[in-house]
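Taking it in order: structure first as structure tokens, then the write-up.
Letters A, B, ... mirror the listed sequences (proteins, then strands); counts begin at 1.
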Amino acid sequence: MKRPAVIYDEKAQRMADAMIAAEARHMARRKAELEDCDCKKGMFATAGVTDRRKFLFAAGSSLAGVAGAASLAQAQDKAPPGAIHFNVPDDPTKEQGRAVNADGGYGSRSQFETEVRWRFPTANENTSWSMTPLDKMLGNLTASGLHFERHHGGIPTIDPAKHSMIVHGMVNTAKRFSMTDIKRFPSVTRKYFIECSGNGLTEWNKPTLKTVQGTHGLLSTSEWTGVQFAIIAREVGLKEGGQWVLAEGADAAVMTRSIPMEKMLKDALIVYGQNGEALRPEQGYPLRLLLPGYEGNTHIKWLRRLEVSDKPFMTREETSKYTDLLANGKARQFSMEMEAKSVITFPSGDMKLPGSGFYNITGLAWTGRGRVQSVDVSVDGGKTWNPAHIDTGPENICTVRFSSPWMWDGKPAVLQSRCTDETGYVQPTLQQLIAIRGSNGPFGSIYHLNAIQSWAVNEAGEVANVHG
Amino acid sequence: MSTGDKILGVLLASVAVSGAAFAQTMPVKYGFGSPVTEQELSKYFSIPVDGRGLPSGSGNATAGAKLYAENCAACHGEKLEGNPAKGIGGDKLIGGRGSLATKTPVKTVESYWPYATTLFDYVKRAMPFNSPGTLKDDETYAVVAYILSQAKIIQPTETMDARTLPKVAMPNRDGFEPDPRPELELYR
């Protein structure tokens, strides 16, 4: 592999190599699943098609697929994560299906659905992250079990009966709110995306990861339910001069970030619900902070404490970690907002188009500054742009699904999408961002990469991550 | 009192009750939550740059060297050089001064961290990795003193405590600037 002249130092190169290897393992698994599959010539030539040999080995069994509780654990070993293996009858119309509630009362996904998050291969497994398979996501919301993760000290197991949130500092009355207290307040339910500021950090200097899961998978969208901070604020009474709020998690990192009071009173939520049920443990069960449009790490999970202060606390995360080191040696601090961005998820890296003809290009667009106003799509590397369809109603600080019909003539093409948000901000090119922030390697300005993504389609229909 | 009067009385009472209930159905304050005592709050900490909330106690690099070897070196290296090994991945803690504006910036406590109070807060909060929050305050001050001393930011003889720690001048104290985004260059 040809390496750029100056970009990675030794440690960064090790990490980049490990990352590439991890993605390659994930892709190899998916390729292996595909061998001898009659769907080989499909559009998702190398992407997650269920291995029918692996999961359907018992096809044709005369047993009805009712799994008793005792066999469930064993059956789960044969099924993909989140699924339960059941025998597949030759003709499902000729025998009764599973008994109602045979799943114990909580459903699982089909045993034929195999998509999973994959972990970014940081040396340490507790302080690491995993990526959402955006290429396989349908519609706009992210399945809760596929929501990307970023943890700084593993995933704690917390009994909600013992969990509470303390609010103190520059308030009239410091208070402790139990989960029961919090759920008694009026709630709101809103759809928001969360994106890690490190989304795409491998892609500054050269196209590094092959799939959209690797390049953009630190983005997920959910419907969140919780209490506005404004309500909590009135319960404790804010004192004059309270300009910042420290949020603290109950994980092993006891993760802390300082949030401007202006933001807290604008739209911060204390959430306990995600997509109609309680938060997933990986998403902060039983309670997390939700800061619409802010970088993911500020949405403190396993939230246990809010401290009102006149100044930011300058925690480790907001000084040494989530700051943007520029080429001139200065670093941007409190770079909170996630700016307008979009990506084509089909066709995207590591897919293969079976031949010329019609394709429905589709992808996601989002902005931390309000609603997506429009999305343009280019099939000629940005020379010409056409407006895309917005397939979902634009909502405040929520992704939209867009699409654009394309008649592929079989010649090489470079596909791009470009988001314009309601402020009129236009998603920039990578060259524009590098011209402003510099490119001093993976330990420089790695965060907040919101550049236009390019996917090159060659004459064979193979799709690859390229820099446009 | 006639039966009619009684019924009227009941009706009037119920109107009064429901009227009162209705007036209370749209509060802006709910009265949920329970008061927290100072003693309960004393379990929590977050140390801002002025050192407010720093605990009593103290430590120096000599004591810190021993504690570092026992609690920190496995992940952060005998010479604070970091340890990228699988399953560990501890950050490099010293070195890198003058590298921030180069093509290979090295971000460490020495080269990048703007405040010594942050180091104390973080060590007390989340370190050692395998048993977070178990160092005593004297031990935390000592480990912090050792790291700062190895980084040549303080003298090996200096004692770190609630008074001295906030005064430590970190090399990259002025290395940060506010977020300017949206970047004006994108509107040209």
>> Less than 4.5 Å to any heavy atom of chain A: does that hold for the side chain of B:Glu40, its backbone, both, or neither?
In response: side chain

> Just checking, is any N or O donor in the side chain of B:Tyr112 or A:Thr323 under 3.5 Å from an acceptor N or O on the other one?
Replying inline: yes

> Between A:Met314, A:Arg304, A:Glu235, which has the largest tally of heavy atom pairs under 4.5 Å with chain B?
Replying inline: A:Glu235

> Any side-chain heavy-atom pair from B:Phe129 and A:Thr127 closer than 4.5 angstrom?
Replying inline: yes

>> Under a plain distance cut-off of 3.5 Å, with no hydrogens placed, do A:Thr315 and B:Arg125 share a side-chain donor-acceptor pair?
In response: no

> Is chain B contacted by the side chain of A:Asn450, its backbone, both, or neither, given a heavy-atom distance below 4.5 Å?
Replying inline: neither

>> Please classify the contact between A:Thr180 and chain B as side chain, backbone, both or neither, with a heavy-atom cut-off of under 4.5 Å.
In response: neither

>> Distance alone, cut at 3.5 Å: any donor-acceptor contact between the side chains of A:Glu307 and B:Ser46?
In response: yes

> Which residues, numbered in order, of residues 168-177 of chain A come under 4.5 angstrom of chain B by heavy-atom distance?
Replying inline: A:His168, A:Ala174, A:Lys175, A:Arg176, A:Phe177

> Which bit of B:Thr102 comes within less than 4.5 Å of chain A, counting heavy atoms only: side chain, backbone, both or neither?
Replying inline: backbone

>> I'd like to know whether CZ of B:Arg163 has more than 12 heavy-atom contacts from other residues, nucleotides or ligands below 6.0 angstrom.
In response: no

>> To check you understand the geometry: which heavy-atom pair defines the closest contact between A:Thr319 and B:Thr118, and what is its length?
In response: OG1-CG2, 3.7 Å

> Can you say whether the rings of B:Phe32 and A:Phe185 are parallel (under 30°), tilted (30 to 60°) or perpendicular (over 60°)?
Replying inline: tilted

>> So for B:Pro132, is it side chain, backbone, both, or neither that comes closer than 4.5 Å to the heavy atoms of chain A?
In response: side chain

> Just how far is it from atom CD of B:Glu185 to atom CG of A:Leu433, taken to the nearest 0.5 Å?
Replying inline: 10.0 Å

>> Counting heavy-atom pairs closer than 4.5 Å to chain B, which one of A:Ala435, A:Gly153, A:Pro186 comes out on top?
In response: A:Pro186

>> If I measure from the heavy atoms of chain B, does A:Glu317 come under 4.5 Å with its side chain, its backbone, both, or neither?
In response: side chain

>> What's the separation between atom CZ in B:Phe176 and atom OG in A:Ser320, rounded to the nearest 0.5 Å?
In response: 7.5 Å

>> Under a 4.5 Å cutoff for heavy-atom pairs, which residue among A:Ile166, A:Val167, A:Asp324, A:Val236 has the most contacts with chain B?
In response: A:Ile166

>> Measuring from atom CG of B:Asp179 to atom NE2 of A:His448, what distance do you get when rounded to the nearest 0.5 angstrom?
In response: 7.0 Å

>> Please classify the contact of B:Leu41 with chain A as side chain, backbone, both or neither, using a heavy-atom distance under 4.5 Å.
In response: side chain

>> Under 4.5 Å from any heavy atom of chain B, what part of A:Arg234 do you find: side chain, backbone, both or neither?
In response: both

>> So for B:Leu119, is it side chain, backbone, both, or neither that comes closer than 4.5 Å to the heavy atoms of chain A?
In response: neither

>> Is A:Ile231 close to chain B through its backbone or its side chain, or both, or neither, when contacts mean heavy atoms under 4.5 Å?
In response: side chain

> So, for B:Ala85 and A:Ala123, which heavy atoms are closest and what is the spacing to 0.1 Å?
Replying inline: O-CB, 3.4 Å

> Looking at A:Glu248 and B:Phe45, what are the two nearest heavy atoms and their distance?
Replying inline: OE1-O, 3.7 Å

> B:Phe120 versus chain A, heavy atoms under 4.5 Å apart: side chain, backbone, both or neither?
Replying inline: neither

> Of the backbone (N, CA, C, O) and the side chain (C-beta and beyond), which part of A:Ile182 lies under 4.5 Å from a heavy atom of chain B, both, or neither?
Replying inline: neither

> Hey, which of A:Met165, A:Lys311, A:Arg437 has the most heavy atom pairs under 4.5 Å with chain B?
Replying inline: A:Arg437

> Between B:Tyr30 and chain A, which part of the residue has a heavy atom less than 4.5 Å away: side chain, backbone, both or neither?
Replying inline: both

>> Less than 4.5 Å apart, side chain to side chain, heavy atoms only: is that true for B:Arg181 and A:Arg369?
In response: yes

>> I need the contact set between residues 329-340 of chain A and chain B: heavy-atom distance under 4.5 Å, sorted by residue number.
In response: A:Gly329, A:Lys330, A:Ala331, A:Arg332, A:Gln333, A:Phe334, A:Ser335, A:Met336, A:Glu337, A:Glu339

>> Minimum heavy-atom separation for A:Pro428 and B:Leu186, please, with both atom names.
In response: CB-CD2, 3.8 Å

